[in-house]
Amino acid sequence: MSGRKPRYVANPLESAITTPSERILKECHSLYVDSENGLVKIASSLGVRLLPPRKKIIVMIMGNHSAGKSSFINWYVEEHIQKTGVAIETQGFTFITSGRKRESLTGNATLHLYPHFRPILEFKGVMDYLSAEISTSKQKKFSLVTFVDTPGLVDGDMIYPFDVNSAITWLGEQADLIFVFFDPMGQALCKRTLNIVEKLSDKCGDKLLFYLSKADEAGKETDRQRVMMQIVQELCRRPGLNKCGFEMPTIYIPNPQKPSRCVNQIDSVCQTIEKTINQAVQKTLDQLEKDSDLICSTIINKLEQDRADVSFNRSVRLHSVLCLALGFFLPFLFILSFIVSTFSKEQLHDLLGEGNLSKGSKTDGVVMYLWEWIPEDKQVVFVISFGAFCYLLLFLAKYFAGNKTLTKKEKRKMMEYMDYIQDIVKTKKAKLYEWYLQQCAAEQDL
């Protein structure tokens with residue numbers, strides 16, 4: 001028998017309780033992806049591209065190696081998911097998320113779970129260093145969070161199997177929050193870390209939050225202040241990071257067996273995550289309303305354009321018919337006249353009779369007279385010009401045929417979409433917003 005201990009599961013699925021925010025995000029997401037009346041499907045039929053909202057926020061954690069990134073995730077989830085230690089344990093990108101069953105996924109399965117992260121494959125070699133850990137934990141707000149644990153960053157001769165700087169920068173742009181952990185005992189001033197942070201600050205500085213991790217291991221308070229000053233000074237030397245209101249809370253994993261007098265602001269990290277979740281709920285509800293209005297306005301515009309096209313088609317229909325008739329009749333008359341000229345009068349009399357022969361002779365005579373009037377050396381040019389003129393008539397007939405209009409079925413479907421948006425989606429959105437506000441606002445304010 002193996003001496004390996006079974007993994008501890010923090011919270012079984014049976015005891016999971018859906019939070020209001022989780023329910024709101026899931027219901028909004030279902031309004032987008034419903035197979036019959038999803039907003040994504042409706043918008044696609046109208047030529048509009050919509051993206052369904054995420055059901056969870058993305059929190060990326062980066063920093064030098066052994067900065068406590070994996071330890072923080074394990075503490076937040078209350079389950080030992082990520083390996084921790086002094087060595088560079090995390091060599092790739094690991095997505096840690098809440099799910100129905102404890103499972104580990106490799107690169108390809110990870111991208112199937114997170115298809116919107118597939119562009120990361122543009123960084124050669126990263127595929128083999130992607131993974132995901134699914135936990136059943138429901139601790140804190142983990143059911144609404146996906147953590148991205150990044151490779152530990154070091155300077156010197158360390159060679160990464162992919163462009164780690166560009167990959168982390170790209171992932172940071174996709175995340176809702178970016179936590180940068182500085183380890184007072186390790187390479188807190190790692191140039192690679194600072195270079196990436198400077199790039200992220202230029203592109204998404206509002207997401208960046210800095211923390212002095214493992215603060216309880218930094219010695220006395222004076223030692224911690226000295227380390228923080230060194231880090232702040234190094235950051236402020238960089239033009240992109242020299243900003244007012246710079247903050248770096250001290251955090252560490254609480255250990256009852258090893259009490260510390262150091263101020264631990266790790267709870268503020270949880271509050272930041274919860275605040276971002278609440279903002280995500282509000283943004284999702286607001287985006288739902290905007291997308292609903294976009295679909296309705298698109299339908300209205302298409303119906304108005306259809307009415308204008310119908311009116312235009314009616315006004316030019318006579319032009320189309322006239323050009324079409326001339327485009328076919330003139331070459332037909334021209335060819336018929338030459339064919340008739342090859343028959344004798346007796347043969348034509350036998351074929352057409354006396355009355356028709358008289359009418360045909362007049363028409364044939366006019367055409368042949370015009371043909372004989374054209375100089376012989378110009379007849380080829382005339383035939384080409386005549387053919388081009390007839391083609392122009394047919395082209396004008398097609399042009400005057402008007403614009404394509406909606407069928408009755410298409411118009412009826414659009415009206416059904418409009419009614420669905422107004423009666424179902426917007427009503428649902430109002431109820432969800434009201435339910436969300438009930439969780440925080442006083443009853444008399446509602």
Side-chain angles (χ1 to χ4, degrees), residues 7 54 56-77 79-99 101-135 137 142 145-183 186-187 190-197 199-200 203-204 207-208 211 213-214:
R7 287 177 174 173
R54 295 174 182 169
K56 301 180 181 182
I57 67 167
I58 306 293
V59 179
M60 187 183 82
I61 305 179
M62 61 168 291
N64 58 284
H65 84 91
S66 190
K69 302 184 296 295
S70 299
S71 298
F72 171 79
I73 294 172
N74 292 341
W75 171 82
Y76 190 92
V77 178
E79 183 178 343
H80 188 77
I81 294 178
Q82 291 292 83
K83 292 181 181 180
T84 58
V86 178
I88 305 177
E89 297 289 356
T90 305
Q91 297 181 348
F93 297 100
T94 304
F95 295 80
I96 300 95
T97 190
S98 174
K101 177 186 174 184
R102 181 70 179 93
E103 191 63 76
S104 299
L105 304 179
T106 57
N108 193 32
T110 300
L111 292 179
H112 275 80
L113 182 62
Y114 299 103
H116 48 285
F117 284 110
R118 189 165 289 276
I120 200 173
L121 293 179
E122 294 177 6
F123 304 105
K124 187 177 179 181
V126 77
M127 180 66 166
D128 295 331
Y129 293 87
L130 283 178
S131 63
E133 297 291 338
I134 302 175
S135 168
S137 172
F142 183 54
V145 180
T146 294
F147 288 107
V148 181
D149 197 2
T150 60
L153 301 173
V154 294
D155 289 329
D157 299 329
M158 178 66 181
I159 299 176
Y160 293 87
F162 53 88
D163 186 352
V164 67
N165 291 34
S166 299
I168 291 179
T169 303
W170 184 86
L171 275 172
E173 293 175 21
Q174 316 309 313
D176 297 285
L177 284 173
I178 305 170
F179 292 163
V180 184
F181 284 7
F182 291 103
D183 175 17
Q187 295 185 1
C190 172
K191 290 183 179 180
R192 188 187 294 271
T193 302
L194 298 178
N195 290 338
I196 296 174
V197 168
K199 284 184 180 180
L200 287 170
K203 297 182 178 181
C204 44
K207 302 177 185 177
L208 277 171
Y211 297 97
S213 60
K214 296 185 177 182

How many angstroms lie between [atom1] in [X] and [atom2] in [Y], if you round to the nearest 0.5 Å?
X      : Y      : atom1 : atom2 : answer
Ile120 : Leu130 : CD1   : CG    : 5.5 Å
Thr106 : Tyr129 : OG1   : OH    : 14.0 Å
Glu79  : Ile96  : CD    : CD1   : 11.0 Å
Phe162 : Leu121 : CZ    : CG    : 12.0 Å

Please check if the side chain of [X] supplies one atom and the backbone of [Y] the other of a donor-acceptor pair under 3.5 Å.
X      : Y      : value
Lys69  : Asn64  : yes
Thr94  : Ser131 : no
Ser137 : Val77  : yes
Lys56  : Ser98  : yes

Item to complete: Would you please indicate yes or no on a ring centroid separation below 6.0 angstrom for Tyr76 and Phe147?
Response: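 Yes, the ring of Phe147 comes within the 6.0 Å limit of the ring of Tyr76, centre to centre.
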Worksheet item: So, for Pro151 and Val164, which heavy atoms are closest and what is the spacing to 0.1 Å?
Response: CG-CG2, 4.1 Å
Worksheet item: Which heavy atom of Ile196 sits nearest a heavy atom of Met62, and at what distance?
Response: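 The pair with the smallest heavy-atom distance is CG2-CE, 3.8 Å.
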Worksheet item: Are Ser104 and Glu133 linked by a side-chain donor-acceptor pair shorter than 3.5 Å?
Response: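 Judged by distance alone, the side chains do pair up.
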Name the atoms and distances for all side-chain donor-acceptor pairs under 3.5 Å in residues 169-182, with sequence neighbours left out.
{"from": "Thr169", "atom 1": "OG1", "to": "Asn165", "atom 2": "O", "distance (Å)": "2.7"}
{"from": "Glu173", "atom 1": "OE2", "to": "Lys203", "atom 2": "NZ", "distance (Å)": "3.1"}
{"from": "Gln174", "atom 1": "NE2", "to": "Trp170", "atom 2": "O", "distance (Å)": "3.2"}
{"from": "Asp176", "atom 1": "OD2", "to": "Ile58", "atom 2": "N", "distance (Å)": "2.7"}

Fill in: Residues in side-chain contact (heavy atoms from CB on, under 4.5 Å) contact with Asp128, at least two apart in sequence or another chain
none
Worksheet, complete the sentence: Residues at least two apart in sequence or cross-chain that pass side-chain contact (heavy atoms from CB on, under 4.5 Å) with Thr110, listed by chain then number, are Phe95, Leu105, Tyr114, Ala132
Practice prompt. Determine, stepwise, if the pair Leu200 / Met60 fulfils side chain to side chain contact (heavy atoms under 4.5 Å, CB included).
Written response: CA-CA 12 Å; Leu200 287 170; Met60 187 183 82; 4.3 Å; yes
Discussion item. Can you tell me if His116 has over 12 outside heavy atoms packed within less than 6.0 Å of its NE2?
Written reply: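 Enclosed: over 12 neighbouring heavy atoms sit under 6.0 Å from NE2 of His116.
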Fill in: side chain to side chain contact (heavy atoms under 4.5 Å, CB included) between Ile61 and Thr150, worked out
CA-CA 6 Å; Ile61 305 179; Thr150 60; 5.7 Å; no
